[in-house]
Amino acid sequence: MKRRGQGFKFSLVTMFLLAVVLTGCGNNNTASNTNGAATEAPAATNAAAATEAAATTEPAAEKPTVAFVYIGPPGDGGYTYQHDQGRLYMEKELGIKADFVENVPESADAERIITELAQNHDIVFTTSFGYMDFTLNVAGKFPNVKFLHASGYKTADNMGTYFGKNYQASYLSGIAAGKMTTKNHLGYVGAFPISEVIYNLNAFTLGAQSVNPDVKVDVVWTNTWYDPATERQAAISLLDKGADVLLAYQDSPATLQAAAERGAFAGGNDSDMSKYAPDNYLTNPVWNWGPYYVKAVQSVMDGTWKSEQYSGDMADGMVELAPFGNKVPDDVKQLVEDAKAKIISGELDVFTGPISDNKGNVVVQDGQKLTLEEVLSMNWLVKGVEGTIPQ
């Protein structure tokens, strides 16, 4: 942490001792004993008094200065909203007021903003995948600042990563969708064709297939994280193709709202979006960042922080499932809850073979489980997904 106030502390003690000495010189610093002999007042007493006085004026240890970089506005109702809720939770728990910059594009402009924040902050959280290389560049220039990047995979001595297994909740959302469809036709509004979105799309599909083997999933890529108009058009295109249940890996509730207008079910991503269309809401993955932010900042305060690649899950509470919509039947809820309990206990691993891709190749053998590294680098679509990964 950046330290200030040490020079002030030294000057205060020095000035106090000097005053004591000068006072002693002016009064000859003597006292009479019972025999009338003059004795010198103990210098140790004066030194102790000076030390005690200095201790009472020493400033409390400073807390780290913290900043966040957001891809969208905190009012997006989704991804950035959840990060901002995590920031507020951290502030309340640790008594720290953090700064944030919103609507930062994943471009060279991000590096400029991260650099500016690093100049007067001890900890900088960069919350979107596209900030990875920019964060790494700045970390190299500010070795005394701690950088934590969400969803990436590159680290340095002063830069760690954090994310969570949100695909667990995507799988559960798939179970609900697979039971709610009457056409065996689901739609998925994907943001960017990167691993993070791909493995969530695949998990959603596998969850649906676990209760409805005949289901297929159409995917449309929007190439945006937060653009309600574009996301809405993508959702409408899927509904026009016949999908009757949608899920969106986007930061706005636009997909849910478009589905509600057609009488279809849908879920969003990142946060509970039921308020936007409670009767047409399914459920969806939810992030709970607050406890991690407290843990990370506290470790810096304690001097125990070290660079790591942290991955939370449903067991530790970083990943959650939003409450079900008003019209999701109890039997569907129970199916999801049973699977959730198995995921939390470790009995159910989402990416356990046999799993084939949508080109007919077996990519996960029977009984085999993908490692976290293999999941995070996923670049193929499971059988049942109608679509391709743009190059």
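In this text, all values refer to a predicted model and were calculated from it rather than measured experimentally.
Within the 4.5 Å cutoff, the side chain of Y153 has no heavy atoms near those of the L376 side chain. Two residues are said to be in side-chain contact when any heavy atoms from C-beta on lie closer than 4.5 Å; T283 and V328 fail this criterion. A 4.5 Å side-chain heavy-atom check between K340 and I343 finds every atom pair outside the cut-off. Looking only at side-chain heavy atoms (C-beta outward), L117 and V69 come within less than 4.5 Å of each other. For the pair L335 and K179, the minimum side-chain heavy-atom distance is below 4.5 Å. Proximity of V336 to K333: side-chain heavy atoms (C-beta onward) are nowhere separated by under 4.5 Å. With contacts defined as side-chain heavy-atom distances shorter than 4.5 Å, the pair F142/Q119 qualifies. Side-chain atoms of M301 and I96, non-hydrogen and from C-beta on, do get closer than 4.5 Å to each other.
Between the side chains of T222 and Q250, a donor-acceptor pair is found at a separation under 3.5 Å. Side chains of N200 and E196: no donor on one and acceptor on the other come within 3.5 Å. Between the side chains of N284 and S173, no donor-acceptor pair of N or O atoms lies under 3.5 Å. Side-chain contact of D109 with S107: a donor-acceptor pair under 3.5 Å is absent, judged by distance alone. Defined by atom type and a distance below 3.5 Å, a donor-acceptor pair is missing between the side-chain atoms of T224 and T230.
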key: Worked verdict on K141 versus E111 for side chain to side chain contact (heavy atoms under 4.5 Å, CB included)   = CA-CA 11 Å; K141 302 173 187 176; E111 185 163 342; 3.6 Å; yes

key: side chain to side chain contact (heavy atoms under 4.5 Å, CB included) assessment of K63 paired with L94   = CA-CA 9 Å; K63 294 180 179 180; L94 299 181; 5.5 Å; no

task = Could you walk me through whether F204 and Y199 pass side chain to side chain contact (heavy atoms under 4.5 Å, CB included), step by step?
result = CA-CA 8 Å; F204 173 74; Y199 61 66; over 6 Å; no

request  = Take F351 and Y167 through the test ring pair (Phe, Tyr, Trp, His ring centres under 6.0 Å) and record every step on the way to the result.
outcome  = CA-CA 9 Å; F351 292 111; Y167 56 83; 5.3 Å; yes

inquiry  = Test side-chain hydrogen bond (donor to acceptor under 3.5 Å, both in side chains) on Q334 and D338; report intermediate values, then the result.
reply    = CA-CA 6 Å; Q334 191 59 55; D338 290 345; 2.8 Å; yes

Derivation and outcome, side chain to side chain contact (heavy atoms under 4.5 Å, CB included), residues M90 and V66 = CA-CA 10 Å; M90 183 274 296; V66 183; 4.2 Å; yes

request  = Using the side-chain hydrogen bond (donor to acceptor under 3.5 Å, both in side chains) rule, take T182 and D244 through it: C-alpha gap first, then chi angles, then the decisive distance, then the call.
outcome  = CA-CA 7 Å; T182 60; D244 62 347; 3.0 Å; yes

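T181 places no side-chain N or O within 3.5 Å of a backbone atom of G178 that could act as its donor or acceptor partner. With hydrogens and angles disregarded, a donor-acceptor distance shorter than 3.5 Å links the side chain of N358 to the backbone of G387. Proximity of a side-chain donor or acceptor of D270 to a complementary backbone N or O of Y79 within less than 3.5 Å is detected. Between the Y131 side chain and the V104 main chain, a donor and an acceptor come within less than 3.5 Å of each other. No donor-acceptor distance shorter than 3.5 angstrom exists from the side chain of N269 to the backbone of A248, with no hydrogens or angles considered. Panel note: side chain S195, backbone M378; a donor-acceptor pair is recorded below 3.5 Å. For the pair E91 (side chain) and A98 (backbone), a donor-acceptor distance under 3.5 Å is present. N158 places a side-chain N or O within 3.5 Å of a backbone atom of V145 that can act as its donor or acceptor partner. Of the possible polar contacts, none joining the S151 side chain to the S128 backbone as a donor-acceptor pair under 3.5 Å is found.
Cluster membership for V385 and V375, using ILVMFWY side-chain heavy atoms within less than 4.5 angstrom, is shared. With hydrophobic clusters built from ILVMFWY side chains whose heavy atoms lie under 4.5 angstrom apart, L246 does not share a cluster with Y276. Two different hydrophobic clusters hold L239 and L247 under the rule that ILVMFWY side chains link at heavy-atom gaps under 4.5 Å. Follow the hydrophobic side-chain contacts under 4.5 Å out from Y171 and you reach L282 in the same cluster. I389 and V382 fall within the same hydrophobic cluster, defined by Ile, Leu, Val, Met, Phe, Trp and Tyr side-chain heavy atoms under 4.5 Å apart, directly or through other members.
Electrostatic pairing of D316 and K165 does not count as a salt bridge here, judged by no charged N lying under 4.0 Å from a carboxylate O.
For the pair K295 and Y162, the cation-pi criterion (under 6.0 Å, within 45° of the ring axis) is not fulfilled.
M314 CE to N166 CG: the interatomic distance, rounded to the nearest 0.5 Å, is 10.5 Å. Once rounded to the nearest 0.5 Å, the distance linking OG of S356 with CG of L381 reads 13.0 Å. The CG atom of D349 sits 13.5 Å away from the NZ atom of K342 when rounded to the nearest 0.5 Å. Once rounded to the nearest 0.5 Å, the distance linking CG of L136 with OG1 of T161 reads 11.5 Å. Residue K146 holds its NZ atom at 10.0 Å from CG of D157, rounded to the nearest 0.5 Å. Taking OG1 of T115 as the reference point, atom CZ of R112 lies at 9.0 Å (rounded to 0.5 Å).
Residues passing the ring pair (Phe, Tyr, Trp, His ring centres under 6.0 Å) test with F100, sequence neighbours excluded: Y70. Considering only residues two or more places apart in sequence or on other chains, K92 meets the salt bridge (Lys or Arg N to Asp or Glu O under 4.0 Å) condition with none of them.
Counted within 6.0 Å of NZ on K383, heavy atoms from surrounding residues, nucleotides or ligands total 12 or fewer; the atom is thus considered open. Counting heavy-atom neighbours within 6.0 Å of F324 CZ, excluding the residue itself, gives a total above 12.
Ring orientation note: the planes of F125 and Y292 are nearly perpendicular, at an angle over 60° on the 30°/60° scale. Using bins of under 30°, 30° to 60° and over 60° for the plane-to-plane angle, the ring pair F163/W289 lands in the tilted bin.
The shortest heavy-atom contact between M273 and G268 is SD-CA, 3.8 Å. Here the closest heavy-atom approach between residue E374 and residue T371 is recorded as OE1-N, 2.9 Å.
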Side-chain polar contacts of residues 251-261 - donor-acceptor pairs under 3.5 angstrom, sequence neighbours left out - could you list them?
unit_1, atom_1, unit_2, atom_2, d
S252, OG, E231, OE1, 2.4
S252, OG, A254, N, 3.2
E261, OE1, R232, NH1, 3.4
E261, OE1, R232, NH2, 2.8
E261, OE2, R232, NH1, 3.2

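The only option from F68, Y310, Y89, W287 that meets the ring pair (Phe, Tyr, Trp, His ring centres under 6.0 Å) definition with Y293 turns out to be F68.
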